[in-house]
Amino acid sequence: MVKIRALLSGYYGKGNGGDEALLATLLQMLPPDVTPVVLSGNPEETKKRYGVESYNRMAFLQIIKALRSCDAFIWGGGSLMQDATSSISPFYYGGLMALAQAMGLKTVAWGQGIGPLLRSQTRWLAKRNFALCTKISVRDRSSAALLSNWGIPHILAPDPVWALESKPVPELADLPKPRIAVILRNHPQLTETRLANLIHALVDLQKATQTFILLLPFQKSEDLGIAEKIQLQLKDVSKIICAEDPQLLKGIFRGVEMAIGMRLHSLIMAASEGCRCFALSYDPKVNRLMEDLEIPGWDLKDLPTDVDLISKTWIQYYHNSEALSSEKILSLVNEAFLHRDLLRESLSNK
């Protein structure tokens with residue numbers, strides 16, 4: 001069997017649980033005859049965790065060397081081509097893709113969530129990049145609609161992380177049940193006032209349901225400070241769990257009744273493990289998931305100012321809602337494997 005080498009590019013090695021989950025899923029889905037090479041913000045950590053060859057994502061000479069040694073280049077999932085949070089990001093990812101295409105590598109855009117693209121330059125770059133890709137898979141309908149408008153072939157499937165294999169978390173065995181997971185992140189829309197209101201509502205929710213609160217920082221640099229603020233108000237009935245391994249992070253939700261989450265992949269992981277979800281949206285990608293799965297929630301900018309209303313809504317949801325059916329979860333997991341099929345088709349040696 002002739003091995004081919006594929007360079008994987010995404011927001012890897014930056015301590016973000018969602019992006020690490022995408023990388024773990026991509027590595028899980030790669031054909032056995034493909035050797036992965038990963039561009040990472042922390043190459044040593046990536047090498048150690050996944051057992052892969054890894055290079056610094058910002059070291060230009062290392063990137064060129066890696067590209068020259070590879071047969072394929074993969075944008076490894078998520079919202080890489082968007083200019084809402086960073087105007088530089090699409091030029092970084094778009095530049096790498098253009099370079100790989102100029103060097104004649106097979107290029108794959110995998111599990112993409114495209115946009116928002118607010119600037120004409122980034123729209124032009126994205127359109128050019130995608131038009132020259134060997135294969136493309138997207139994870140939401142608005143990304144698919146954008147590519148359709150551009151006349152670019154693609155497949156649409158649920159986010160690849162639906163198909164990530166989870167692992168049981170031994171330390172959960174000693175924690176009280178039932179449990180509610182809370183995943184909040186630092187963001188301009190999560191103002192001090194809104195956070196204070198959410199914390200008060202969480203205290204009320206815990207008292208009313210007698211649940212144990214799991215605080216899950218998906219990215220320590222953005223989430224840990226908020227988790228610590230919440231724990232101050234829930235001292236004996238909460239625990240902060242920082243899981244670095246994406247499979248363990250997903251496994252935490254096996255033992256959780258309900259998740260209140262801002263982060264997209266916290267909601268996907270929770271829903272895929274049969275957990276009821278309530279969303280606090282800060283981004284269109286979260287709104288799209290809420291719409292697709294009929295997950296209740298609020299846009300943070302529209303969060304009620306009445307703490308009593310927030311807590312009563314959560315309490316009612318906890319007592320009266322149901323998780324996705326096992327049939328629905330299985331259907332989404334199976335559909336997510338379309339991203340694996342696309343890798344097999346595009347990276348085949350035939």
Side-chain angles (χ1 to χ4, degrees), residues 6-30 36 38-42 46 50 57 73-97 100 107-117 122 125-126 129-130 133 135-144 146-147 154-164 183 185 187 218-219 221-223 246-247 249-250 261-269 271-272 281-289 292 332 336 338-340 342-343:
L7 186 61
L8 280 45
S9 172
Y11 194 65
Y12 308 142
K14 305 293 281 185
N16 184 304
D19 290 287
E20 292 303 306
L22 283 164
L23 174 57
T25 309
L26 176 51
L27 293 170
Q28 176 188 306
M29 288 185 174
L30 280 177
V38 180
L39 294 177
S40 170
N42 189 337
T46 297
Y50 304 108
R57 69 195 293 272
F73 177 82
I74 303 172
W75 266 346
S79 304
L80 305 182
M81 292 306 283
Q82 56 83 21
D83 57 10
T85 58
S86 168
S87 57
I88 298 168
S89 180
F91 289 98
Y92 168 79
Y93 292 111
L96 285 181
M97 178 61 83
T107 52
V108 181
W110 176 87
Q112 293 293 297
I114 309 167
L117 295 168
T122 46
L125 180 61
N129 284 152
F130 284 113
C133 279
K135 293 276 185 181
I136 302 166
S137 67
V138 296
R139 67 182 184 185
D140 61 80
R141 284 175 293 168
S142 65
S143 297
L146 183 60
L147 291 179
H154 59 277
I155 67 157
L156 168 63
D159 190 288
V161 173
W162 281 96
L164 176 65
I183 309 95
R185 58 157 291 169
H187 192 271
F218 262 53
Q219 186 172 11
S221 61
E222 298 291 326
D223 305 4
Q247 292 179 291
L249 186 56
K250 193 178 185 189
M262 279 178 69
R263 289 191 176 274
L264 176 75
H265 284 103
S266 71
L267 297 166
I268 289 171
M269 288 182 180
S272 68
S281 179
Y282 68 97
D283 189 282
K285 65 187 178 186
V286 180
N287 292 82
R288 292 195 285 260
L289 184 74
D292 288 345
L332 286 160
L338 289 170
H339 296 289
R340 181 188 62 186
L342 176 120
L343 290 169

**Q** State, with a plain yes or no, whether a side-chain heavy atom of Arg139 is found less than 4.5 Å away from one of Lys285.
**A**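 Sidechains of Lys285 and Arg139: in contact.
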**Q** Among Asp283, Asp159, Asp140, exactly one meets side chain to side chain contact (heavy atoms under 4.5 Å, CB included) together with Leu264. Which residue is that?
**A**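 Among Asp283, Asp159, Asp140, the one meeting side chain to side chain contact (heavy atoms under 4.5 Å, CB included) with Leu264 is Asp159.
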**Q** Only counting residues at least two apart or in another chain, list the ones meeting ring-ring contact (aromatic ring centres under 6.0 Å, His included) with Phe218.
**A**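 None.
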**Q** Are any of the side-chain heavy atoms of Pro116 and Pro284 separated by less than 4.5 Å?
**A**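 They are in contact (side-chain heavy atoms under 4.5 Å apart), so the answer is yes.
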**Q** For Arg263, check salt bridge (charged side-chain N to carboxylate O under 4.0 Å, His left out) against everything at least two apart and list the hits.
**A**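 Only Asp223 meet the salt bridge (charged side-chain N to carboxylate O under 4.0 Å, His left out) criterion with Arg263.
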**Q** Are a donor atom and an acceptor atom from the side chains of His265 and Asn16 found within less than 3.5 Å of each other?
**A**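 Checked: His265/Asn16 side chains show no N/O donor-acceptor pair below 3.5 Å.
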**Q** Taking all heavy atoms of Cys133 and all of Thr107, pick out the closest pair and write down the distance.
**A**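 In this case the closest contact between Cys133 and Thr107 is CA-OG1, 3.4 Å.
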**Q** With sequence neighbours left out, what residues match Asp292 under side chain to side chain contact (heavy atoms under 4.5 Å, CB included)?
**A**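 Listed in chain order: Arg141.
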**Q** Does Lys250 reach the main-chain N or O of Trp162 with its side chain, forming a donor-acceptor pair under 3.5 Å?
**A**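 Side chain of Lys250 to backbone of Trp162, a donor-acceptor pair under 3.5 Å: yes, one is there.
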**Q** Which pair of non-hydrogen atoms, one from Ser9 and one from Leu39, has the smallest distance, and what is that distance?
**A**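 Closest approach of Ser9 to Leu39: CB-CD1, 4.3 Å.
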**Q** Pair Leu27, Leu8 - check side chain to side chain contact (heavy atoms under 4.5 Å, CB included), show working.
**A** CA-CA 9 Å; Leu27 293 170; Leu8 280 45; 3.8 Å; yes
**Q** Applying side chain to side chain contact (heavy atoms under 4.5 Å, CB included), run through Val286 and Met262 and close with a yes or a no.
**A** CA-CA 8 Å; Val286 180; Met262 279 178 69; over 6 Å; no
**Q** Just by distance, do the side chain of Tyr11 and the backbone of Gly18 share a donor-acceptor pair under 3.5 Å?
**A**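 No, because the side chain of Tyr11 does not come within donor-acceptor range (under 3.5 Å) of the backbone of Gly18.
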**Q** Say you draw a straight line from CD1 of Ile155 to CG of Leu342; how long is it, rounded to the nearest 0.5 Å?
**A**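 Ile155 CD1 to Leu342 CG: 5.0 Å, rounded to 0.5 Å.
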**Q** Side-chain contact test, heavy atoms from C-beta onward, threshold under 4.5 Å: evaluate it for Phe130 versus Val138 and give yes or no.
**A**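 Phe130 does not reach Val138 side chain to side chain.
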**Q** If you look at every heavy atom in Ala163 and Met29, which pair is closest and at what distance?
**A**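 It is CB-CE, 3.7 Å.
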**Q** Can you sort out the partners of Arg185 under salt bridge (charged side-chain N to carboxylate O under 4.0 Å, His left out), two or more places apart, ordered by chain and number?
**A**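 Salt bridge (charged side-chain N to carboxylate O under 4.0 Å, His left out) check on Arg185 returns nothing, list empty.
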**Q** Let me confirm one number: the CD1-CG distance from Ile136 to Leu147, rounded to the nearest 0.5 Å.
**A**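 Rounded to the nearest 0.5 Å, the CD1-CG separation comes out at 5.5 Å.
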**Q** So, taking the atom named CH2 in Trp110 and the one named CG in Leu22, what distance separates them when rounded to the nearest 0.5 Å?
**A**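 Trp110 CH2 to Leu22 CG: 5.5 Å, rounded to 0.5 Å.
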**Q** Mind checking whether Leu343 and Ile74 have side chains closer than 4.5 Å, heavy atoms only?
**A**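 Yes, side chains in contact.
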**Q** Holding to salt bridge (charged side-chain N to carboxylate O under 4.0 Å, His left out), I want the full list of residues that pass it with Asp83, two or more places apart in sequence or in another chain.
**A**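 Once residues adjacent in sequence are excluded, the partners of Asp83 under the salt bridge (charged side-chain N to carboxylate O under 4.0 Å, His left out) criterion are Arg119.
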**Q** Name all residues meeting the side-chain hydrogen bond (donor to acceptor under 3.5 Å, both in side chains) criterion together with Ser40; count only those two or more places apart in sequence or in a different chain, and write none if there are none.
**A**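 Partners of Ser40 under the side-chain hydrogen bond (donor to acceptor under 3.5 Å, both in side chains) test: Thr46.
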**Q** Can you list the residues that meet the side-chain hydrogen bond (donor to acceptor under 3.5 Å, both in side chains) rule with Thr85, with sequence neighbours excluded?
**A**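 Scan of Thr85 (side-chain hydrogen bond (donor to acceptor under 3.5 Å, both in side chains), adjacent residues dropped) gives Gln82.
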**Q** Identify the heavy atoms of Ala21 and Leu164 that sit nearest to each other, and give their distance.
**A**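 Residues Ala21 and Leu164, closest heavy atoms: CB-CD2, 4.0 Å.
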**Q** Going by the rule ring-ring contact (aromatic ring centres under 6.0 Å, His included), which residues pair with Tyr50 if we only count those two or more places apart in sequence or in a different chain?
**A**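 With sequence neighbours excluded, Tyr50 shows a ring-ring contact (aromatic ring centres under 6.0 Å, His included) to no residue whatsoever.
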**Q** CE/Met97 to CG/Leu125 distance, rounded to the nearest 0.5 angstrom?
**A**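 Reported to 0.5 Å precision, the distance equals 10.5 Å.
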**Q** Do Thr122 and Met81 make a side-chain contact, defined as non-hydrogen atoms from C-beta onward lying under 4.5 Å apart?
**A**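 Side chain of Thr122 against side chain of Met81, heavy atoms only: no contact under 4.5 Å found.
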**Q** Rounded to the nearest 0.5 Å, what separation is found between the CG atom of Leu338 and the CG atom of Leu156?
**A**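 Atom-to-atom, Leu338:CG and Leu156:CG are 9.0 Å apart.
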**Q** Of all residues at least two apart in sequence or in a different chain, which pass the side chain to side chain contact (heavy atoms under 4.5 Å, CB included) check with Leu80?
**A**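 Result, side chain to side chain contact (heavy atoms under 4.5 Å, CB included) vs Leu80: Trp75, Tyr93, Gln112.
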**Q** Can you list everything that forms a salt bridge (charged side-chain N to carboxylate O under 4.0 Å, His left out) with Asp19? Sequence neighbours excluded, please.
**A**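 Salt bridge (charged side-chain N to carboxylate O under 4.0 Å, His left out) list for Asp19, sorted by chain: empty.
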**Q** Report the distance from atom CZ of Arg288 to atom OG of Ser143, rounding to the nearest 0.5 Å.
**A**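 If we round to the nearest 0.5 Å, Arg288:CZ and Ser143:OG are 5.0 Å apart.
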**Q** How would you list, by chain and number, every residue that makes a side-chain hydrogen bond (donor to acceptor under 3.5 Å, both in side chains) with Ser137, sequence neighbours excluded?
**A**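 side-chain hydrogen bond (donor to acceptor under 3.5 Å, both in side chains) list for Ser137, sorted by chain: His339.
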**Q** According to side chain to side chain contact (heavy atoms under 4.5 Å, CB included), who are the partners of Leu146, at least two apart in sequence or on a separate chain?
**A**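 Here the qualifying residues are Ile114, Leu117, Arg123, Trp150.
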